[in-house]
Structure formats: structure tokens, C-alpha cells
*Asks:* 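My questions will all concern the structure given below.
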Amino acid sequence: MPELPEVEVVRAGLEPAVTGATVTSVEVFDSRSLRRHDPTYGAFAQLITGGRIAGAVRRGKFLWLPLDDASWTESETGPAAILVHLGMSGQMLLRAAGAPLDGPVRIRVQLEHPQHGELDLHFVDQRIFGSMAVDRLMPTADGAAGGFGSDAALVPSQVMHIARDPLDPVFPDDAFIAALRRKKTEVKRALLDQTLISGIGNIYADEALWAARVHYAQPTASLSRPRARALLAEVRLVLAQALAEGGTSFDAQYVNVNGASGYFSHSLNAYGRQGAPCPRCGRPLVRAPFMNRSSYYCAHCQNVRL
DNA sequence: CCTCACACCTGGGTGC
DNA sequence: TGCACCCAGGTGTGAG
């Protein structure tokens, strides 16, 4: 269940290892992990073999590895990147060259780094909700950097419709709050809408709502401006705290880039804690069905206020 | 245009 | 023991 903090941990782990490295070999063991790849663009392996990776960039839960200019000028395809979405259970594992494939490795990318030598990148994904792809880079609509990790004002075409995330220095607070209050939906649905604000999933949505004392089903149109602003502030706090702790995971599905588990569920106040006392008021937390999943909240602290 | 239900996936857990 | 079923949930798509 990687959300923004977990994906950022992966990005930060990959960045020093892959920047400047050349792709020497690509093996796709399960083509379902190329769900996001458009084959009319070219074969995934062929497009990136020989390319040089310029960095590691993230917006929300999307991660991409831009390819050096020299990698695409000859093919005249324009700037491109290796796009990664971890989905539910995806991992990007750095391994020594030729290391055995432990776990459901769907794609292996072998790299040659001028300083670090040979390195294997394993895309592991049990549930195959994640995917890799090669995608064209497009200019950002606002002219600002496309994501965290690069100054380039470019994003993959598949990320064009994804909103900036709340840790982005140019995240438009006022426009977000206005758009949130214009929506005719429930507040948690809005927090999970990646075209409105990106990077938040079921876990951090529940945590931020608990911290802001907002009921998950409160209509967005009924949120006062100060209350919406306070909610956004709690979203930022929750994400920043999780990031500082190295990400959150529950069943070892999520493992950081070096293979160590990012297990920090003890820091959660609401998510997954049905029946346990609310850390604020002591009353038992509740689990309620929501969008074919679950919402965890305190029925006492988190009141619908119209 | 907006909102929402649903499909896509697999492995672990549970009840019979 | 075996089997059917449920659950986890991020995203794209199509219906209304």
C-alpha cells in the first residue's frame, strides 16, 4: 500500500544508484507488469536498452526515471522516461549483478554505473496492480518542476492529469481548497482523488481525517474554508511524519529499495485499529465499509459538522 | 463535465 | 483436509 511517503523512500533510495547508469539489459518475465506501456510507442525493452538514466523523480505515487538527452535524440522520439507505479504491492529492489530472483520479480533491468559498476533493478509485484512503462515527457501546465527530484518542467504523459502533491513547493493551496469545496462528494473521496491532490491513499486519508477531527463522509461542500485549510495542514503533517519514519507497511508487502521493511504501523492513530481506544478520547475506534474498502475513525471525535 | 461503481490482480485468512 | 469465499486497495474506464 505504498502512498506518497513510501514512494518517496523508494525514489530517494534509487536516485544515487541509478543516476548516470546505463541500461544494459531488460527482461520482462510477466507482460502484465507493462500494463501502462503503450506498445505502439515501441517495445519496452528495446526503447530503454542503451539509454542512460538522468535521475529519479516523483509526483504523488508516480515515479519516473528520465532518460538522458543522448538516449532519445537519435531516435527523434523526444524526451522520455521509465515510468513506475507500485500499485498495491510493487517494489523496486536494488540487487548485486546476477543476484537470484527472490519473490515475484516481474521485470529485471540490468544497469552499468560509471562509478558503482553493475547493478540489477528488480521490479517485484505480487498483485500486479503496479506497472512499468516507457512514456513521453510533456511540459508541465504551470511551467514549474514536474515533480520532486528534478528541476525539469516535464512530466510523463500519464502523469499530466495527476495533481501536484501536498509536499510539492508549488502546490496551490488556495486553488485546492476552492476546488475541494466546489465538489459534490464526501471529503475522503476527495482526498483520494489524485486529480485533486495526489499522494494520499486509504491509510493517510484516515490518519489525516482523524487528526483534523473530520468525519470521512462529511460533504466537501459543507467544509468551511478554515476547516479545509486545517485538514490540508494535517495531511501535510501526517505525510511528513510518515516520511520521516521511513514509510508505513503492514504485511511486508512494502519493502524499501534495499529490501528492508518499512514497518511503522505503531505510529498510526486510526487506520487498522478498530476496537482499540481512540488515542484522543479513549472510546473505541470504528471500522466502516467505504468504497469497497474500509474507513477507520472515531465516532466521537470525528463528527459531521454541517 | 461530474460523480460513482466496477474491473483488474494475488495470497493469506476464515468458515464450513 | 479441502474448498469457497472474503479481504487488502490505486487507478482507469465507462455508465448515468
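First the proteins, then the strands, lettered A, B, ... as listed; each starts at 1. Only heavy atoms go into these numbers, but all of them, side chains included; no hydrogens, no water, no symmetry mates.
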*Asks:* Please determine whether a side-chain nitrogen or oxygen atom of A/T185 lies at a distance below 4.0 Å from atom OP1 or OP2 of B/dC2.
*Replies:* no

*Asks:* Hey, what bend do you get for the helix from B/dC2-C/dG16 to B/dC16-C/dG2 if you fit axes on five pairs at each end, rounded to 10°?
*Replies:* 50°

*Asks:* Can a side chain N or O of A/S294 be found less than 4.0 Å away from OP1 or OP2 on C/dA8?
*Replies:* yes

*Asks:* Considering only heavy atoms, which members of residues 172-182 of chain A lie under 4.0 Å from some atom of DNA chain B?
*Replies:* none

*Asks:* Can you sort out which residues in residues 30-43 of chain A have a heavy atom within less than 4.0 Å of DNA chain B? Ascending by number, please.
*Replies:* A/R32, A/R35

*Asks:* Roughly, in whole Å, what's the span from CE in A/M291 to P in C/dA8?
*Replies:* 13 Å

*Asks:* Below the 4.0 Å mark, does C/dC7 have OP1 or OP2 next to a side-chain nitrogen or oxygen of A/R287?
*Replies:* no

*Asks:* Looking only at side-chain N and O atoms, does A/H85 come under 4.0 Å of OP1 or OP2 in C/dG10?
*Replies:* no

*Asks:* Applying ring-ring contact (aromatic ring centres under 6.0 Å, His included), can you list everything that pairs with A/H300, at least two apart in sequence or on another chain?
*Replies:* none

*Asks:* NZ of A/K188 to OG of A/S295: how many Å apart, nearest 0.5 Å?
*Replies:* 2.5 Å

*Asks:* Are any of the side-chain nitrogens in A/D30 or A/R106 under 4.0 Å away from the carboxylate oxygens of its partner?
*Replies:* yes

*Asks:* Atom CZ of A/R293 and atom P of B/dA7: how far apart are they, to the nearest Å?
*Replies:* 13 Å

*Asks:* Taking only the side-chain heavy atoms of A/I128 (C-beta and beyond), determine which of B/dC9, C/dA8, B/dC4 contains the nearest atom.
*Replies:* B/dC9

*Asks:* Only distances under 3.5 Å count here; give the side-chain donor-acceptor pairs of residues 12-22 of chain A to other protein atoms, sequence neighbours excluded, each with its distance to 0.1 Å.
*Replies:*
from: A/E15; atom 1: OE1; to: A/R11; atom 2: NH1; distance (Å): 3.3
from: A/E15; atom 1: OE2; to: A/R11; atom 2: NH1; distance (Å): 3.1
from: A/T19; atom 1: OG1; to: A/E15; atom 2: O; distance (Å): 2.6

*Asks:* List in chain and number order the residues that pass side chain to side chain donor-acceptor pair (under 3.5 Å) with A/K61, two or more places apart in sequence or in another chain; answer none if no residue qualifies.
*Replies:* none

*Asks:* What ring pair (Phe, Tyr, Trp, His ring centres under 6.0 Å) pairs are there with at least one residue in residues 155-192 of chain A, not counting sequence neighbours?
*Replies:* A/F171-A/F176

*Asks:* Going by the rule ring-ring contact (aromatic ring centres under 6.0 Å, His included), which residues pair with A/Y297 if we only count those two or more places apart in sequence or in a different chain?
*Replies:* A/H215, A/Y216

*Asks:* Would you say B/dT3 has OP1 or OP2 under 4.0 Å from some side-chain N or O of A/K183?
*Replies:* yes

*Asks:* Just to verify, what does A/R293 make a side chain to side chain donor-acceptor pair (under 3.5 Å) with, not counting sequence neighbours?
*Replies:* none

*Asks:* Please figure out whether A/D193 or A/R106 has its closest DNA chain B nucleotide nearer the 5' end.
*Replies:* A/D193

*Asks:* A/K61 side chain: which of B/dG11, C/dT11, B/dC9 is closest?
*Replies:* C/dT11

*Asks:* For A/S25, run the side chain to side chain donor-acceptor pair (under 3.5 Å) check against A/Q110, A/E112, A/E118 and tell me which one passes.
*Replies:* A/Q110

*Asks:* Considering only NZ, NE, NH1 and NH2 on the basic side and carboxylate oxygens on the acidic side, decide whether A/D135 and A/R36 come within less than 4.0 Å.
*Replies:* no

*Asks:* A/L196 has an atom CG; how far is it from atom P of C/dT11, in whole Å?
*Replies:* 14 Å

*Asks:* Mind jotting down which residue pairs meet the ring pair (Phe, Tyr, Trp, His ring centres under 6.0 Å) criterion with at least one end in residues 12-41 of chain A? Sequence neighbours excluded, please.
*Replies:* A/H37-A/F44

*Asks:* Let me have the donor-acceptor pairs involving side chains of residues 231-240 of chain A, under 3.5 Å, with sequence neighbours excluded, atom names and distances please.
*Replies:*
from: A/R236; atom 1: NE; to: A/P166; atom 2: O; distance (Å): 2.6
from: A/R236; atom 1: NH1; to: A/D173; atom 2: OD2; distance (Å): 3.1
from: A/R236; atom 1: NH2; to: A/P166; atom 2: O; distance (Å): 3.4
from: A/R236; atom 1: NH2; to: A/D173; atom 2: OD1; distance (Å): 2.7

*Asks:* For a quick check of understanding: with a heavy-atom distance under 4.0 Å over all strands, which category does A/F290 fall into, base, sugar-phosphate or nothing?
*Replies:* nothing

*Asks:* Is there any side-chain hydrogen bond (donor to acceptor under 3.5 Å, both in side chains) pair reaching into residues 46-56 of chain A, and which pairs are they, with sequence neighbours excluded?
*Replies:* A/R52-A/D68

*Asks:* Using atom CG of A/L83 as one end and atom C1' of C/dG12 as the other, report the distance to the nearest whole Å.
*Replies:* 14 Å

*Asks:* Between A/Q194 and C/dG10, is there a contact of a side-chain N or O with OP1 or OP2 at under 4.0 Å?
*Replies:* no

*Asks:* I need the CZ-P distance between A/F129 and B/dC8, as an integer number of Å.
*Replies:* 10 Å

*Asks:* Whole-Å distance between C/dG10 P and A/I197 CD1?
*Replies:* 15 Å

*Asks:* Side-chain N or O of A/H161 less than 4.0 angstrom from OP1 or OP2 on C/dT11?
*Replies:* no

*Asks:* Rounding to a whole Å, what distance do you find between A/N292:CG and C/dC6:P?
*Replies:* 12 Å

*Asks:* Rounded to the Å, how far apart are A/D125 CG and C/dA8 P?
*Replies:* 19 Å

